[in-house]
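This report refers to the structure that appears directly beneath it.
Residue numbers count from 1 along this sequence.
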Amino acid sequence: MSAHENQAGPFLKWAGGKSQLLAQYDPFFPREPMRGYFEPFVGSGAVFFHLRGRGLFSTYYLSETNEELLNCYRAVRDHVDELIARLREHQARHSRDYYYAIRNLDRNSAWIHASLVERAARLIYLNKTCYNGLWRVNRRGHFNVPMGRYKNPEIVNEARLRAASRALQGVHLAVEDFEQVIRRAGRGDFVYLDPPYIPLSETANFTSYTQDEFGEYEHRKLALVFAELDRKGCRVMLSNSDTPLTRELYRNFRIETVSARRAINSASTRRGAISEVVVLNY
């Protein structure tokens with residue numbers, strides 16, 4: 001196993017994932033030891049995995065409103081052997097018919113009783129084999145992305161899953177709204193906020209990862225949470241698209257610009273470099 005394979009990193013492809021931006025973010029990350037690390041929109045966990053090995057934080061709190069995603073993190077942390085075994089079964093049976101049978105499991109009322117490992121294996125399997133690696137559900141909470149055109153999708157990356165499992169040991173995982181971070185974080189803590197981005201135009205509809213949309217109202221609430229965390233003495237960093245609304249909401253804080261390449265877009269011609277902002281209270 002190479003050092004690269006052994007390094008903890010995202011085990012899912014997730015829209016808005018920050019792997020490609022870590023080098024640009026690095027100057028903004030804490031350099032000295034701090035108390036706690038909080039990430040209420042964990043997504044692919046790229047920032048968490050990047051910082052985990054530095055030993056700067058005594059505690060880690062990751063949260064999401066997407067229960068399926070959070071449960072997947074729990075399975076990787078607590079049941080990685082069983083999860084890898086189940087993924088190998090998916091890999092052995094992968095076909096078009098099998099993909100759609102697994103995709104449609106959440107239409108069955110019995111699915112609610114599926115085990116943590118079974119649910120996590122389904123999420124990872126679909127994530128690795130669906131079109132463009134996109135996780136999207138409809139208003140009923142049903143996953144509805146068609147199968148992707150992959151010759152040989154990598155459904156099981158054992159080294160990466162085991163590295164992620166080691167990194168997640170001792171980490172607090174919770175299904176909860178971003179506003180709950182106000183109750184948990186305080187002076188000496190670092191909070192990284194990576195919400196669903198504000199659309200760059202009125203026609204650029206946000207793709208839902210849960211059946212609940214994240215619109216302007218939620219972004220305004222998040223800006224209030226950012227300001228409250230600042231008052232509490234937290235160090236806060238937020239990522240978002242570079243829009244007039246973003247700059248209005250965070251006009252009282254430091255705003256830096258980074259250049260991002262969109263990895264997930266239905267049109268390949270729209271995957272070029274775009275400007276994004278990093279908001280900081282330090």
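Asn71 places no side-chain N or O within donor-acceptor distance of the main-chain N or O of Leu116, the cut-off being under 3.5 Å. Ser275 places no side-chain N or O within 3.5 Å of a backbone atom of Asp242 that could act as its donor or acceptor partner. When atom types are taken as modelled, the side chain of Thr65 and the backbone of Asp177 share no donor-acceptor pair closer than 3.5 angstrom. In terms of modelled atom types and a separation under 3.5 Å, the side chain of Arg235 and the main chain of Leu280 share no donor-acceptor contact. Between the Glu64 side chain and the Gly43 main chain, a donor and an acceptor come within less than 3.5 Å of each other. For Asp189 (side chain) and Tyr37 (main-chain N/O), no donor-acceptor pair under 3.5 Å exists by modelled atom type. Judged by distance alone, with hydrogens and angles left aside, the side-chain atoms of Asn108 form a donor-acceptor pair with the main-chain N or O of Ala110 at under 3.5 Å. Although no hydrogens or angles enter the test, the distance criterion places no donor-acceptor pair under 3.5 Å between the side chain of Asn104 and the main chain of Arg107. Not one N or O on the side chain of Tyr25 forms a donor-acceptor pair closer than 3.5 Å with the backbone of Lys18. No side-chain donor-acceptor contact under 3.5 Å links Asn157 to the backbone of Phe11.
Taking the charged nitrogens against the carboxylate oxygens, Arg162 and Glu158 do have a contact shorter than 4.0 Å, which makes a salt bridge. Taking a cutoff of 4.0 Å between a charged side-chain nitrogen and a carboxylate oxygen, Asp106 and Arg122 qualify as a salt bridge. Remark: Glu154 does not engage Lys128 in a salt bridge, criterion side-chain N to carboxylate O under 4.0 Å.
A donor atom on one side chain and an acceptor atom on the other are found under 3.5 Å apart for Glu276 and Tyr197. Using a 3.5 Å distance cut-off with no hydrogens or angles, the side chains of Ser239 and Tyr192 do pair a donor with an acceptor. Side-chain N/O atoms of Gln91 and Arg88 include no donor and acceptor closer than 3.5 Å. Using modelled atom types, one finds a donor on one side chain and an acceptor on the other under 3.5 Å when comparing His50 with Asp26. Arg136 and Asn144 are linked by a side-chain donor-acceptor pair at a separation below 3.5 angstrom, with hydrogens and angles left out of the test.
At least one side-chain heavy atom of Leu245 sits under 4.5 Å from a side-chain heavy atom of Arg220. With a 4.5 Å cut-off on side-chain heavy atoms, Leu126 and Arg103 count as touching. Looking at Asn240 and His219, their side chains come closer than 4.5 Å, going by heavy atoms from C-beta outward. For the pair Val145/Phe143, a side-chain contact is recorded, criterion being any heavy-atom separation below 4.5 Å from C-beta on. Two residues are said to be in side-chain contact when any heavy atoms from C-beta on lie closer than 4.5 Å; Ile182 and Val225 meet this criterion. The shortest side-chain heavy-atom distance between Lys13 and Asn127 falls under the 4.5 Å cut-off. Contact annotation: the side chain of Leu69 approaches that of Leu12 to within less than 4.5 Å [non-hydrogen atoms, C-beta and beyond]. Val181 is not listed as a side-chain neighbour of Tyr61, based on a closest heavy-atom distance of 4.5 Å or more.
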**Q.** Working for side chain to side chain contact (heavy atoms under 4.5 Å, CB included), residues Ile155 and Ile124
**A.** CA-CA 7 Å; Ile155 295 166; Ile124 294 173; 5.6 Å; no

Q: Would you please test Arg184 and Glu176 for salt bridge (Lys or Arg N to Asp or Glu O under 4.0 Å) and show each step?
A: CA-CA 12 Å; Arg184 303 188 186 282; Glu176 61 185 24; 2.9 Å; yes

Q: Take Met237 and Val278 through the test side chain to side chain contact (heavy atoms under 4.5 Å, CB included) and record every step on the way to the result.
A: CA-CA 7 Å; Met237 174 176 169; Val278 176; 3.9 Å; yes

Q: Step by step, work out the salt bridge (Lys or Arg N to Asp or Glu O under 4.0 Å) result for Glu67 and Arg74.
A: CA-CA 10 Å; Glu67 186 174 0; Arg74 288 181 176 140; 5.9 Å; no

Q: With salt bridge (Lys or Arg N to Asp or Glu O under 4.0 Å) as the test, would you mind laying out the steps for Arg254 and Glu256 before giving the verdict?
A: CA-CA 7 Å; Arg254 175 187 172 194; Glu256 299 285 349; 2.8 Å; yes

Q) Do Phe226 and Glu228 pass the side chain to side chain contact (heavy atoms under 4.5 Å, CB included) test, and can you show the C-alpha distance, the side-chain angles, and the key distance before you say yes or no? A) CA-CA 6 Å; Phe226 188 106; Glu228 179 60 25; over 6 Å; no

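Once rounded to the nearest 0.5 Å, the distance linking NZ of Lys232 with CZ of Arg187 reads 10.5 Å. Once rounded to the nearest 0.5 Å, the distance linking CG of Leu173 with CG of Leu62 reads 5.5 Å. Between Ser165 atom OG and Arg77 atom CZ the span is 9.0 Å, to the nearest 0.5 Å. Distance check, rounded to the nearest 0.5 Å: CG of Leu87 to CG of Leu161 gives 6.5 Å. If you take CZ on Arg119 and CG on Leu105, they are separated by 10.0 Å, rounding to the nearest 0.5 Å.
By the side chain to side chain contact (heavy atoms under 4.5 Å, CB included) test, Ser259 pairs with Gln24, Ala273, sequence neighbours left out. Shown here are the side chain to side chain contact (heavy atoms under 4.5 Å, CB included) partners of Arg251, two or more places apart in sequence or in another chain: Glu248. Every ring-ring contact (aromatic ring centres under 6.0 Å, His included) that Phe178 has, sequence neighbours left out, goes to Phe41, Phe214.
Leu224 and Leu249 end up in different hydrophobic clusters when Ile, Leu, Val, Met, Phe, Trp and Tyr side chains are linked at under 4.5 Å. Hydrophobic clustering of Ile, Leu, Val, Met, Phe, Trp and Tyr side chains at less than 4.5 Å, counting indirect connections, unites Trp14 with Val175. Residues Val137 and Tyr131 share a hydrophobic cluster, clusters being chains of Ile/Leu/Val/Met/Phe/Trp/Tyr side chains in contact below 4.5 Å.
The ring-ring contact (aromatic ring centres under 6.0 Å, His included) test with His94 is passed by exactly one of Tyr125, Tyr150, Tyr99: Tyr125.
Geometric assessment of Arg52 against the ring of Tyr60 yields a positive cation-pi assignment under the 6.0 Å and 45° thresholds.
Ring pair Tyr282/Phe190 is perpendicular by interplanar angle, where above 60° counts as perpendicular and below 30° as parallel.
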